[in-house]
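Quick caveat: nothing in here was measured; it's all calculated off a predicted structure. Reminder, nothing fancy here: chain letters follow the sequence lines and each chain counts from 1. Because only heavy atoms are used, hydrogens play no part in the values below, and waters and symmetry mates are left out as well, while side chains stay in.
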Amino acid sequence: MSDIRKFNKSMSIFILILIVPYLVYGAVSMYTDEYKSKVTPGVYESIQKCREGNINSQTIIFTDSAGAQLYNVNDSTSNGFFVINGTRAYGLVGQYLLINELVRNHPDEVKGNTIYLVTIPSVFMDNLDQVYTFNYFIKPFYNEQYIPYLEDKVKTHIESFPMQWASQLPLVKTTNWSVDYSNAKSFFKIDEYYISEFSLIYLNRLKELADEFGFEFVIKAPFMRNDKKEVSQEKMKQQIREHNLDDIFRHYFEDMKYIPDSVFVDRDHFDTEKYKPELNSLKL
Amino acid sequence: MLFNSLDFIIYFPIVFLIYWFVANKNLRKQNIFLIIASYVFYGWWDWRFLSLIIISSTADYLIGLKMDQSDNKKYRKLLLIASLGINLGFLGFFKYYNFFIESFVDLMEAMGFQANITSLQVILPVGISFYTFQTLSYSIDIYKRKISHTKDIFAFFAFVSFFPQLVAGPIERAKHLLPQFTKPREFDLQLAKDGIRQALWGFMKKIVIADNCAIAVNAIFSDYQDFNGAILVLGAFLFAFQIYCDFSGYSDIAIGTARLFGFDLMQNFNYPYFSRNISEFWKRWHISLSTWFRDYVYIPLGGSYASKARRMFNIIVTFTVSGLWHGANWTFVLWGFLNGVGYFPEIFRKNKTKKFDHIKRYGIRQYLNILATFVFILITWVFFRSPDIMTAFDYLVNIVTTPFLENSRELVSRITFDNSLKISLAFIAILLTIEWFQFNKKHPFEIETLPKTARWGLYLAVANCIILFGQFGQNDFIYFQF
């Protein structure tokens, strides 16, 4: 055998040895759904809970991770709430898809109830442009089940993500592998709050959903750091007025509760050892 | 086309197979195919700028031809000036036009004059600094009668546009690379094996280390005022490894890829962070550029055969111009200048630095020298990475004026994505360890003496590290902008 053929043979064997285990793992993990407990498990748990959860409370709460700190999400029903623990990584679009999932699977239980979204204001600035969007939104939601609920603008945006086409491949979907999204926005330094284009679209769609299924939809803020008082709320308030969102944002800013910066471990999460909020401290 | 892109993963095997199975009949076919493959590779980014490469190649080929044939000194000089004019003209216009115009306007305004000169929206063609220097060296070497012109136009065009090193080097000399285009290549199994090893190592450096470091580096340098001293030091440290692994990773991929086509490119990095002084650092860092500046700027200025004062002047000029080569920004000029200043102790040193041998015990002093050199390099990298000189100074001042460890836990959460920071630090440690033990090898993944199973185990380990810990997305190579 000539040298080049030997080389090609070795390369082919190497690539097979390298890739086949990943392919087998991906296929098995997809088949058994095992990946749902390993890759962004919280998202898949939330989807599952929205589909099949037993709603035994009149208070249904969707949260981001900051909001989730106010509720005992591991034992949510015993507290008298039905809580879907969420993340800012999928933004308002992801929250819409989850609420939509819940109400379509439980139309009778949600009718006449109130669904709260407990989330920090900077979440509304997200436009599916976070570093975690690939893993937390595109992988679990950009599939045939949820694409019908996505606006064309959202689809176009997602298709601009590098390697989004690979997001549903077993090899990618079943691992934490993610693209480095260089255009990701950082919200560590914020001068003012505002509502992004996608958030506006999906806030309106949430209003429509509430009308269609006969539930009340209200947005509340979790506890925030004292230094966030410095962030201007004017633009967001103006957008709320202009887009007739006052009813779902009623008392959102007025009820905001600020606590000392010293109990926070980062911009949005307090240290649960240092600070233990009382149950239903938001008075929902 | 980027090496670390899906496009290249598809493109490369096609080119490789056609090159060895279809275009391997004769030399001309091999060269013509390489030209086409290289133009596709470059044109993938922007096909319009292929015209610059074609003009530069044509001009230097014809100038080389005429210059070599002539014995008339004045005519030869005129031809050299024409070559310099064309190549530096392209470089000057596309890379430096706005820089000089804006600097001139700033100067006029500082002196109280109003200057109404507008800058242009000029796109910087990728790799222009690299291929213009390569073609320039061809003309200069013919002028100096160091080489003869080549009659094979296809070989010359393939030499200028050879895709593995077209956009970010190594900047090859005609004397070394051009002859390789004038003789038929046959597949060399050992060369190819070593090439694939070096390319694999390069991918690991780029995708795992450089691109993970980039996440923290970008976060720190973009909001440096928010961070404490420790994080700012970490930012400079990570940038040092980002740029090293980005650029040397590119060079490894380029050299490795070229070997798969039967070419031997020059070594571009030689374990630079184990240097014991700045002089040694520049013998180990971007070797193809530093030797270019040595041969075509430093030595013509008088080189080392001059008084100490004149030598210092020559060094400062060489390093400052080298800084400007990197980019049209005063930060690069100052970075070059500082490296020149860092070179001065070497002028006054009586004994030449002995060749470093890490196996022998030199005593603690050698290691302290390595550390001191690295710290100096870190400081200069802050200028290299900052958008302007004032920001760089501010960054360095903040290291010592801000509380060193305050809010570190919260601040660290701002600079990491998943485990990018931990991955960066772990792989930097692995890199340094492997480099230390492979110090005398041309590249750290030169492992042909190991048993086959151990080699394959290491190949699989490195490839799996790339898959599991790499950052995949839109990560250009830093040196593309130069």
Under the side chain to side chain contact (heavy atoms under 4.5 Å, CB included) rule, collect the residues that match up with Ala258(B), sequence neighbours excluded. Phe162(B), Pro164(B), Phe263(B), Leu265(B)
Decide yes or no on side-chain contact (heavy atoms from CB on, under 4.5 Å) for Phe14(A) and Ile196(B), but give the supporting numbers first. CA-CA 12 Å; Phe14(A) 175 74; Ile196(B) 205 84; over 6 Å; no
Assign the ring pair Phe16(B) / Phe7(A) to parallel, tilted or perpendicular, where the plane angle (0 to 90°) is split at 30° and 60°. tilted
Let me know if Ser10(A) has heavy atoms under 4.5 Å from chain B in its side chain, its backbone, both or neither. both
Crowded around Lys153(A) NZ? As in, over 12 foreign heavy atoms under 6.0 Å? no
If I measure from the heavy atoms of chain A, does Phe21(B) come under 4.5 Å with its side chain, its backbone, both, or neither? side chain
With rounding to the nearest 0.5 angstrom, report the CG to NZ distance, Asp3(A) to Lys193(B). 8.5 Å
Quick one: salt bridge (Lys or Arg N to Asp or Glu O under 4.0 Å) partners of Asp7(B), sequence neighbours excluded? none
Can you check whether Asn8(A) reaches Trp20(B) side chain to side chain, under 4.5 Å on heavy atoms? no
Would you say that more than 12 heavy atoms from the other residues, nucleotides or ligands in this model lie under 6.0 Å from the CH2 of Trp456(B), or not? yes
Near Glu159(A) CD, under 6.0 Å, is it more than 12 heavy atoms from other residues, nucleotides or ligands? yes
Could I get the full list of side chain to side chain contact (heavy atoms under 4.5 Å, CB included) partners for Ile467(B), not counting sequence neighbours? Leu18(A), Tyr22(A)
Residues 36-46 of chain A: residues contacting chain B (heavy atom under 4.5 Å, by number): none
Gap separating the CD1 atom of Ile17(A) from the CG atom of Asn464(B), nearest 0.5 angstrom: 11.0 Å
